[in-house]
Amino acid sequence: MKKGVTITSVFALMTIIPSACAMFSGGQHTEVSDHHIVSKPEVIPLQNLSKHGFAASLDADAPIELPDGYKLSEAIYNEPPKKFGNGVAPNVEEQKEIVLRYVNEHNNQDWIEHTVKKGRISIGDEGVKPIEIQGVGGQILEIPDQKIIVLSWHKDGVSHYILSKGDLGKDDLIKVAESVRN
């Protein structure tokens, strides 16, 4: 196994699993360990999610163009602890993140997750290719046999990481990325 694959897998487990657990447990999930992120993701009720409500803290906005049938289903706010069990103190402001999950109403196995944070996000896997998104350099990873496409870019001090699972094509996902307002 290559190091990039391991790093991406660990990143995915640290980011997606706590978020997924929070979505199904109403934000009560807590993971505690001396060697892992302590996470208390908070599910934000959609009726309380406004442009100014989350954009103010991360200087970013949601995409304005979504594929037909995709609707916002979850918004998750997550931040790291002020100090890890091993004594390391992360830059909390840079690691705060919002994950917006969009699900296809016609097939809930098709979804898009858009993670926004100030800290840099990059894809560390084999097969990553450069791509231009919103006029800046980014990354794309396609895993066709798993129906996964990942985009990542950093613009104006904000990182974006868009993960798509399902039948959505690369061109449609790029349109979503291009429509994100900064």
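Index from 1, following the sequence.
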Show your working on side chain to side chain contact (heavy atoms under 4.5 Å, CB included) between E65 and V176 and close with a plain yes or no. CA-CA 5 Å; E65 185 173 325; V176 171; 5.9 Å; no
Report the C-alpha distance between I162 and L173 in whole Å, list the side-chain angles of each, state the deciding distance to 0.1 Å, and finish with yes or no for side chain to side chain contact (heavy atoms under 4.5 Å, CB included). CA-CA 8 Å; I162 298 180; L173 190 61; 3.5 Å; yes
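- S159 places a side-chain N or O within donor-acceptor distance of the main-chain N or O of G119, the cut-off being under 3.5 Å.
- Applying the side chain to side chain donor-acceptor pair (under 3.5 Å) definition to pairs two or more places apart or across chains, those involving residues 163-172 are K147-D167.
- Between K117 and E97 there is a salt bridge, with a side-chain nitrogen of the basic residue lying less than 4.0 Å from a carboxylate oxygen of the acidic one.
- In terms of heavy atoms, Y70 sits closest to W111 at CE2-CA, 4.0 Å.
- Using a 4.5 Å heavy-atom cutoff, the side chains of L168 and D110 are not in contact.
- Residues I112 and P63 are not in side-chain contact: their nearest non-hydrogen atoms beyond the backbone lie 4.5 Å or more apart.
- Across E132 and G135, no two heavy atoms sit closer than the pair OE2-CA, 3.6 Å.
- I149 and G169 get closest at one heavy-atom pair: CD1-C, 3.8 Å.
- Among all heavy-atom pairs drawn from L141 and E126, the shortest one is CD1-O, 3.3 Å.
- For K175, there are no salt bridge (charged side-chain N to carboxylate O under 4.0 Å, His left out) partners, not counting sequence neighbours.
- Summarising the geometry, atom CG belonging to D156 is positioned 8.5 Å from atom CD belonging to Q134; distances are rounded to the nearest 0.5 Å.
- Between the side chain of E74 and the main chain of R101, no donor-acceptor pair closer than 3.5 Å is present.
- How far CD1 of I148 is from CD1 of I143: 5.0 Å, rounded to the nearest 0.5 Å.
- One distance of note links CD1 of I76 with CG of L100; it measures 9.0 Å at 0.5 Å rounding.
- In this structure, the side-chain contact (heavy atoms from CB on, under 4.5 Å) partners of E105, at least two apart in sequence or on a different chain, are K71.
- To the nearest 0.5 Å, atoms CD1 (I98) and OG1 (T115) are separated by 10.5 Å.
- Distance alone, capped at 3.5 Å, places no donor-acceptor pair between the S152 side chain and the Q139 backbone.
- Each of K155, H114, H154 was checked for a side chain to side chain donor-acceptor pair (under 3.5 Å) with H160, and the lone residue meeting it is H114.
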List the steps, then state whether side chain to side chain contact (heavy atoms under 4.5 Å, CB included) holds for V116 with Y161. CA-CA 7 Å; V116 181; Y161 183 89; over 6 Å; no
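- Contact detail for I131 and I140: the closest heavy-atom pair is CG2-N, 3.9 Å.
- In plain terms, the two heavy atoms of A62 and Y102 that are nearest each other are CB-OH, 3.6 Å.
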